[in-house]
*Asks:* 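One structure, pasted below without further comment.
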Amino acid sequence: MNTTSRKPPESAVEAVPERVSEPHEHFQPIYIGSQAKRKRGCSCGFILLAFLVAILAGYFLTPTRTNILIIGIDRTPDGSAVGRSDTNILISITPFKPTVSMLSIPRDLWVTIPGVGENRINTAHFFAEASQTGAGPMAAVETVRLNFGVTINYYVRIRFDGFRKIVDAMGGVDVVLEKPAAGLPAGTHTLNGEQALAFARDRAGADDFYRMANGQLMIKSVLRQMFKPKSWIKLPAVSVALMQSLDTNIPVFLWPRLGLALLRSGPDGIDNRTLTREQVTPWVTPEGAQVLLPNWEAINPILMEMFGE
């Protein structure tokens, strides 16, 4: 018997296709999966967060000084703003430090008013507002800038009758007196709007220097009151009263920056001063008006200390 192996017929064998090698099969394939996408997303998110933090830090902490003139006026019987600025307070805020400086200027200070000539500093607002509605605040700003040499960015004009509404919206304000003032004995007193305004404007038995000191004490008392958590529930009512009582050219985008500086400084961190009797000279004009002549040699060092760059 022939035992020689025989090849099966070609029809009985499955055709196996010859393998064709790929040109780049020796390279390891790279898979872009969810993990890689997640890492890339985290990296982009971190960069964006760092960028936003840098912007906010620059916004809140850039050491740029902002000078503001606070102007207090009486509303006239016809409801206009044609009145003298009996309160003039120059405020400087540097958020980075933070520092808040406040200097009260006597209303009877005899200065040069642009377009008017020599007169009391509180008449700058009156003359401009009487000439053109709304021109008063910038006229007061320009007068202070011209005479004091301080660059002023913005103003806040508040009507005294509106101040009463603000204090009443707060539920009153606590004033702490170390010594008797404005007819009140030493101690802590809770004043309503009418009483707070009378305290800030009191000149009975004193002069304008006492009035300025009382006004600054009232401002710090109001700030201290609003920093108390129990007063925060009244913020909506206070905000409404503020909007009805004052006008300003401070841009809205600056409010958080200045507000944070006030919070960081706190009422007790405010450097508040007034021009003193030693920095002025009483004088009677040819028309018989009693005014105060500025002694710039005594005033300028204070200006450099409080408002110098």
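One-based numbering along the sequence shown. What you see is a predicted model, and the numbers here were worked out from it, not measured in a lab.
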*Asks:* Could you give the distance from CG (Asp168) to CG (Leu191), rounded to the nearest 0.5 Å?
*Replies:*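 Taking CG in Asp168 and CG in Leu191, the distance rounds to 11.0 Å.
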*Asks:* Is it true that, when you exclude Lys230 itself, more than 12 heavy atoms of the residues, nucleotides or ligands shown sit nearer than 6.0 Å to its NZ?
*Replies:* no
*Asks:* Going by distance alone, is a donor N or O of one side chain under 3.5 Å from an acceptor N or O of the other, for Glu118 and Thr112?
*Replies:* no
*Asks:* If you round to the nearest 0.5 Å, how far is CZ of Arg159 from CD of Gln244?
*Replies:* 9.5 Å
*Asks:* If the threshold is 4.0 Å, N to carboxylate O, is there a salt bridge linking Arg211 and Asp208?
*Replies:* yes
*Asks:* Is a side-chain N or O of Gln225 found less than 3.5 angstrom from the main chain of Asp174, in a donor-acceptor match?
*Replies:*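 Present.
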*Asks:* Is there a donor-acceptor pair under 3.5 Å between the side chain of Asp202 and the backbone N or O of Ala198?
*Replies:* no
*Asks:* Can you give me the closest heavy-atom contact between Pro114 and Thr143, atom names plus distance?
*Replies:* CD-OG1, 3.4 Å
*Asks:* Return the minimal non-hydrogen interatomic distance between Leu303 and Phe148, and the atom names on each side.
*Replies:*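 Scanning both residues completely, I find the closest heavy atoms to be CD1-O, 3.4 Å.
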*Asks:* First locate atom CD1 of Ile302, then atom CZ of Phe307, and finally report the distance between them rounded to the nearest 0.5 Å.
*Replies:*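 Ile302 CD1 to Phe307 CZ: 10.0 Å, rounded to 0.5 Å.
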*Asks:* Distance under 6.0 Å and angle within 45° of the ring axis: does Arg164 meet both against Phe199?
*Replies:*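 Checked: cation-pi criterion not met.
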*Asks:* Could you give the distance from CG (Asn300) to CG (Asn295), rounded to the nearest 0.5 Å?
*Replies:* 9.0 Å
*Asks:* Donor-acceptor pair, Arg273 side chain versus Met102 backbone, under 3.5 Å?
*Replies:*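 Not at all, since once roles are kept as given, no pair shorter than 3.5 Å links the two residues.
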*Asks:* Between Ser85 and Asn122, does any side-chain donor sit less than 3.5 Å from a side-chain acceptor?
*Replies:* no
*Asks:* Would you mind reporting whether Ser104 and Asn88 have side-chain heavy atoms less than 4.5 Å apart?
*Replies:*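 No. Closest side-chain heavy atoms not under 4.5 Å.
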*Asks:* Without swapping roles, check the side chain of His189 against the backbone of Pro185 for a donor-acceptor pair under 3.5 Å.
*Replies:*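 Side chain of His189 to backbone of Pro185, a donor-acceptor pair under 3.5 Å: yes, one is there.
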*Asks:* Quick check: closest heavy atoms across Pro286 and Trp283, and the distance to 0.1 Å?
*Replies:*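 Minimum heavy-atom contact is CD-CH2, 3.9 Å.
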*Asks:* Between Lys220 and Asp268, does any NZ, NE, NH1 or NH2 come within less than 4.0 Å of an OD or OE carboxylate oxygen?
*Replies:* no
*Asks:* How far apart are the closest heavy atoms of Ala124 and Ala140, and which atoms are they?
*Replies:*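 Taking Ala124 first and Ala140 second, the nearest heavy atoms are CB-CA, 4.2 Å.
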*Asks:* Got a donor-acceptor contact below 3.5 angstrom from the Ser231 side chain to the Met226 backbone?
*Replies:* no
*Asks:* Ignoring hydrogens and angles, tell me if any N or O in the side chain of Ser265 forms a donor-acceptor pair with the backbone of Ala261 under 3.5 Å.
*Replies:* no
*Asks:* Looking at His125 and Gly83, would you say the former's side chain and the latter's main chain have a donor-acceptor pair under 3.5 Å?
*Replies:*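 The answer is yes, because a donor-acceptor pair under 3.5 Å joins these two groups.
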*Asks:* From Arg84 CZ over to Thr123 OG1, what is the distance, rounded to the nearest 0.5 angstrom?
*Replies:*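 Reported value, rounded in 0.5 Å steps: 7.0 Å.
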*Asks:* Using modelled atom types only, decide if a donor and an acceptor are shared between the side chain of Arg145 and the backbone of Ile152 within a distance under 3.5 Å.
*Replies:*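 Indeed, once roles are kept as given, a pair shorter than 3.5 Å links the two residues.
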*Asks:* Are Arg201 and Phe160 in a cation-pi setup, meaning NZ or CZ lies under 6.0 angstrom from the ring centre and within 45 degrees of the ring axis?
*Replies:* yes
*Asks:* Is it true that Trp296 and Leu90 fall in one hydrophobic cluster, defined by side-chain heavy atoms closer than 4.5 Å?
*Replies:*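 Linked, Trp296 and Leu90 end up in one cluster.
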*Asks:* Indicate yes or no for a side-chain donor-acceptor contact from Glu129 to the backbone of Val82 under 3.5 Å, with no hydrogens or angles considered.
*Replies:* no
*Asks:* To the nearest 0.5 angstrom, please state how far the OG1 atom of Thr87 sits from the CD1 atom of Ile70.
*Replies:* 10.0 Å
*Asks:* Regarding Asn67 and Ser92, is there a side-chain donor-to-acceptor distance under 3.5 Å anywhere?
*Replies:* yes
*Asks:* With Val280, which residues qualify under side chain to side chain contact (heavy atoms under 4.5 Å, CB included), at least two apart?
*Replies:*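 Testing Val280 for side chain to side chain contact (heavy atoms under 4.5 Å, CB included), a comparison that skips the adjacent residues, returns Leu109, Phe209, Leu292.
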*Asks:* Under a 3.5 Å distance rule, please check whether Ser221 uses its side chain to pair with a backbone N or O of Leu217 as donor and acceptor.
*Replies:*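 Yes, the answer is positive, given that a donor and an acceptor are paired below the 3.5 Å cut-off.
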*Asks:* When you compare the side chains of Asn272 and Gln216, does any donor N or O come within less than 3.5 Å of an acceptor on the partner?
*Replies:* yes
*Asks:* Taking the ring of Phe227 and the ring of Trp232, is the distance between their centroids below 6.0 Å?
*Replies:*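 Ring centres of Phe227 and Trp232 not closer than 6.0 Å.
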